[in-house]
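This report concerns only the one structure given below.
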Amino acid sequence: MIKKYIFGAPIETEAVITTIPECKDIPEAGIISLDNGFSWTYTMADDDIVYGLGEANRGINKRGYIYVNNCNDEPLHTEDLESLYAAHNFIVLSGRRNMGLFFDYPAKITFDIGYSYQDTLTVCCEGSDLTLYIIDGTSALDVIRQFRKIIGRSYIPPKFAFGFGQSRWGYKTEKDFKDVVEGYRSRHIPLDMVYMDIDYMEDYKDFTVNPQNFPDFEAFVKDMKASKIHLVPIIDAGVKIEDGYSIYEEGKAGGYFCKREDGSDFAATVWPGRTHFPDVLNTEARQWFGSKYKVLTDAGIDGFWNDMNEPAIFYSDEGMDDLQAFLKDFAAMDPEEIPQFLLNDKVNGIKNSPRDYAAFYHDMDGIKVRHDKVHNLYGYYMTRAAGEAFDRICPGRRVLMFSRSSYIGMHRYGGVWTGDNKSWWSHLLLNIKMMPSLNMCGFLYTGADLGGFSGNTTRDLLLRWLAFGVFTPLMRDHSALGTREQECYRFERPEDFRHVISVRYRLIPYLYSEFMKAALNDDLYFKPLAFAYPDDPMATSIEDQLILGNEVMVTPVYTQNAPGRYVYLPEEMLFVKFMPDGSIFSEIMAAGHHYIQVALNEVPLFVRKGHCIPLAAPAETVDAIDTRNLELLGYEGATYTLYDDDGVSKDYDLAGHYKTYAK
């Protein structure tokens with residue numbers, strides 16, 4: 001059962017697309033206060049678990065900390081970080097009562113989940129204009145399925161997007177990209193995508209290509225496709241202010257940029273220098289900006305990633321003027337009287353300043369709205385601009401799209417990657433724990449920068465991370481400029497990397513099938529163990545093992561120098577390891593606790609009792625996978641229903657896409 005409560009005059013975010021009548025009664029769950037904004041307070045039972053919040057820090061069970069949903073360009077993801085790049089305002093209480101709550105509020109909102117008081121859940125925001133959805137169900141999973149149904153079908157990428165991709169900030173020329181492809185192909189390490197970070201552009205200008213480095217970009221894209229490589233360029237939120245640059249000129253002439261209160265175009269500095277932000281919350285501006293992706297699709301591009309769309313601000317014109325005035329005054333101060341940290345706080349505070357977010361406005365189709373009141377919608381609507389444009393530019397065909405910043409609703413237009421992580425073992429574990437939470441909020445096409453984006457990865461960390469990335473829908477190795485080069489062929493014994501990534505390609509028929517079933521049935525691709533074994537108290541406390549689909553349990557190794565790990569089996573399962581010589585080790589393990597040995601060049605998984613999964617022969621690209629001759633791995637007598645289609649068109653619901661196999 002779903003009840004909808006409206007407070008004040010909320011902004012329509014279009015996160016929910018199902019018509020639900022408004023309830024006029026007072027919500028019986030929790031205590032609501034409208035004094036000094038909005039707050040909802042609920043007393044939790046001792047054994048209540050709180051799920052959700054999508055891209056958020058810490059564990060699958062969110063209880064015990066405070067989370068601030070305020071889309072935040074902050075690359076240092078330490079354990080005490082309260083805000084990440086996304087705002088997914090959906091939580092699920094599981095225990096005494098199975099209840100979901102979606103706070104459709106696009107500004108800063110705080111979830112205090114047993115932080116101030118261990119038994120108290122408080123959700124609060126400065127404004128009191130929002131829509132609250134309360135969902136009751138028979139289980140946490142039932143609540144999530146109801147929620148997923150009202151927010152609409154999750155984005156479905158083309159099948160090639162389930163292949164392995166290599167990325168690095170710093171690839172600048174055709175030769176850079178060709179060298180990467182040669183590095184993989186010559187060692188027979190599977191590869192389907194190479195990502196293009198900001199250096200492919202001319203002076204970091206959106207929808208441009210550097211003419212010196214790519215003299216015939218269309219021919220280059222065609223050559224890469226002949227090598228079975230899809231190039232995936234980045235698009236940033238800021239449009240460079242430059243006379244003669246067509247995107248800037250058109251945006252200026254059309255009035256498509258965000259405005260200051262006085263009606264002038266708001267300017268901030270990001271990678272290209274001074275930029276304007278397209279007002280993607282305005283229908284006409286959104287259509288205009290989305291249409292610009294055609295510049296690259298016409299050149300043969302069939303995949304994109306949207307970045308810097310919180311939107312990130314290095315500094316605004318006003319912020320720099322203020323800082324320069326401060327520095328002038330600071331220079332005249334008596335050093336003995338300068339407050340500690342004053343200079344540091346002032347300089348660091350210029351980036352992503354709340355004052356800047358309160359200084360520009362959107363025209364939401366005739367309604368003038370200050371940006372900080374809708375801050376969490378920007379990344380969603382930027383990606384929506386692209387998704388809607390693809391329906392016009394290439395109707396009936398899928399385009400790869402994922403974003404850094406997001407809000408619930410964006411899940412219909414693209415996936416997400418989890419942003420600028422570090423080459424830390426703790427971030428591998430964070431990646432594991434974040435996946436089911438993202439699925440709960442509708443984001444199925446998800447993944448992290450394998451090996452870590454910033455910092456210097458190690459061979460063992462990258463291999464362990466890849467062994468988990470084998471199972472995430474988005475599987476991408478990405479690293480930052482100035483860090484250790486972490487293409488898989490740069491490490492000793494590249495055959496180990498070839499084997500781990502080859503396992504991914506052997507599993508793609510199964511992974512793609514489970515992804516499609518989850519998308520088409522409002523289900524989860526990754527589930528916590530507790531969802532599959534709700535009556536097992538041990539399963540409810542385990543967060544480093546995940547159920548994938550309905551057949552597999554994933555148990556990644558995420559500890560430095562560990563030769564394996566402890567696992568808990570709620571029931572008998574078949575333990576499987578993909579061995580580096582191409583063979584498959586398997587043994588049945590009884591329910592209970594076990595220690596499993598897993599070498600760096602092995603990929604482990606468990607097949608649940610009574611189930612089996614399909615395996616393909618090794619391949620180096622997705623389109624080379626032979627789905628007509630699959631073997632089944634698992635229990636004798638088990639069956640598996642495979643979903644398979646052409647991977648490009650959108651005729652998802654045809655009965656002919658399903659075929660049942662028996663072992």
Side-chain angles (χ1 to χ4, degrees), residues 60 428-429 431-433 435-436 460 463-472 475 496 499-511 513-514 525-533 536 538-559 561-618 630-640 661-663:
I60 295 174
L428 167 53
L429 180 58
N431 181 192
I432 295 165
K433 294 182 177 183
M435 292 297 99
D460 58 339
L463 279 166
R464 291 300 196 198
W465 215 324
L466 287 167
F468 176 63
V470 159
F471 301 102
T472 60
M475 185 185 187
D496 289 344
H499 167 64
V500 171
I501 298 172
S502 291
V503 172
R504 163 66 165 218
Y505 282 69
R506 297 199 68 186
L507 287 169
I508 280 177
Y510 172 68
L511 303 177
S513 176
E514 291 306 303
Y525 176 87
F526 283 121
K527 301 181 184 74
L529 255 62
F531 285 23
Y533 303 99
D536 185 332
M538 180 63 67
T540 62
S541 65
I542 291 176
E543 299 199 345
D544 59 357
Q545 302 173 202
L546 303 177
I547 299 297
L548 193 164
N550 291 305
E551 296 78 17
V552 166
M553 183 173 73
V554 179
T555 58
V557 179
Y558 54 86
T559 306
N561 298 322
R565 58 163 292 172
Y566 286 96
V567 297
Y568 172 69
L569 306 187
E571 63 177 338
E572 175 197 295
M573 293 188 188
L574 181 69
F575 176 44
V576 173
K577 285 195 297 185
F578 292 87
M579 309 299 285
D581 62 2
S583 65
I584 297 175
F585 167 85
S586 65
E587 69 169 321
I588 291 177
M589 287 187 170
H593 296 271
H594 302 268
Y595 188 86
I596 58 171
Q597 298 278 346
V598 184
L600 283 173
N601 55 7
E602 297 172 351
V603 179
L605 62 81
F606 285 84
V607 179
R608 297 174 67 191
K609 185 178 181 180
H611 292 276
C612 64
I613 63 173
L615 287 179
L630 301 173
E631 63 175 292
L632 295 176
L633 174 64
Y635 283 83
E636 292 296 328
T639 61
Y640 180 76
Y661 294 83
K663 181 170 172 62

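Heads up: numbering here begins at 1 and tracks the sequence.
- With rounding to the nearest 0.5 angstrom, the CG atom of Asn550 is 6.5 Å from the NE2 atom of His611.
- You'll find the side chain of Pro580 reaches within 4.5 Å of the side chain of Glu602, heavy atoms only.
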- request: Mind running side-chain contact (heavy atoms from CB on, under 4.5 Å) on Val470 and Val500 for me, showing each step along the way?
  value: CA-CA 8 Å; Val470 159; Val500 171; 4.0 Å; yes
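- Asp460 CG to Trp465 CH2: the interatomic distance, rounded to the nearest 0.5 Å, is 12.5 Å.
- Within the 4.5 Å cutoff, the side chain of Met553 has heavy atoms near those of the Leu569 side chain.
- Annotation: side chain of Phe526 is not in contact with side chain of Ile60 (no heavy-atom distance under 4.5 Å).
- Lys577 places none of its side-chain heavy atoms less than 4.5 Å from the side chain of Ile596.
- Between Leu633 and Tyr510 the shortest side-chain heavy-atom distance does not fall below 4.5 Å.
- Residues Leu605 and Thr555 are not in side-chain contact: their nearest non-hydrogen atoms beyond the backbone lie 4.5 Å or more apart.
- With contacts defined as side-chain heavy-atom distances shorter than 4.5 Å, the pair Leu507/Val603 does not qualify.
- Closest approach of Val607 and Tyr635 over heavy atoms only: O-CE1, 3.7 Å.
- Between the side chain of Arg504 and the main chain of Thr472, a donor-acceptor pair closer than 3.5 Å is present.
- No more than 12 heavy-atom neighbours from other residues, nucleotides or ligands sit within 6.0 angstrom of OH on Tyr566.
- Of all non-hydrogen atoms in Thr540 and Ala530, the two that sit nearest each other are CA-CB, 3.6 Å.
- A donor-acceptor pair is defined here as one N or O able to donate and one able to accept, closer than 3.5 Å; no such pair exists between the side chain of Tyr640 and the backbone of Pro614.
- Of all heavy-atom pairs spanning His499 and Met579, the tightest one is CE1-O, 2.7 Å.
- We find the CZ-OH distance between Arg608 and Tyr533 to be 3.5 Å, quoted to the nearest 0.5 Å.
- Phe468 contributes atom CZ, which lies 10.5 Å from atom CG of Asp544 (distance to the nearest 0.5 angstrom).
- In the displayed structure, Lys433 atom NZ is contacted under 6.0 Å by more than 12 heavy atoms of other residues, nucleotides or ligands.
- A side-chain donor-acceptor contact under 3.5 Å links Arg565 to the backbone of Pro556.
- A pairwise comparison of heavy atoms in Leu546 and Pro436 identifies CD2-CG, 3.9 Å as the closest pair.
- Leu632 approaches Lys663 most closely through the heavy-atom pair O-NZ, 3.2 Å.
- Between Ala638 and Gly610, the closest heavy-atom pair is CB-O, 3.3 Å.
- To the nearest 0.5 Å, the span separating CZ on Phe606 from CG on Leu548 amounts to 14.5 Å.
- Arg506 contributes a side-chain N or O that, together with a main-chain N or O of Ala616, makes up a donor-acceptor pair within less than 3.5 Å.
- For the side chain to side chain contact (heavy atoms under 4.5 Å, CB included) criterion with Met589, the lone passing option out of Glu571, Met573, His594 is His594.
- Looking at Glu572, its side chain never comes within 3.5 Å of a backbone N or O of Lys609 through a donor-acceptor pair.
- The shortest distance between side-chain heavy atoms of Met475 and Ile501 falls below 4.5 Å.
- With values rounded to the nearest 0.5 angstrom, Leu529 atom CG is found 8.5 Å from Tyr568 atom OH.
- Lys527 contributes a side-chain N or O that, together with a main-chain N or O of Gly549, makes up a donor-acceptor pair within less than 3.5 Å.
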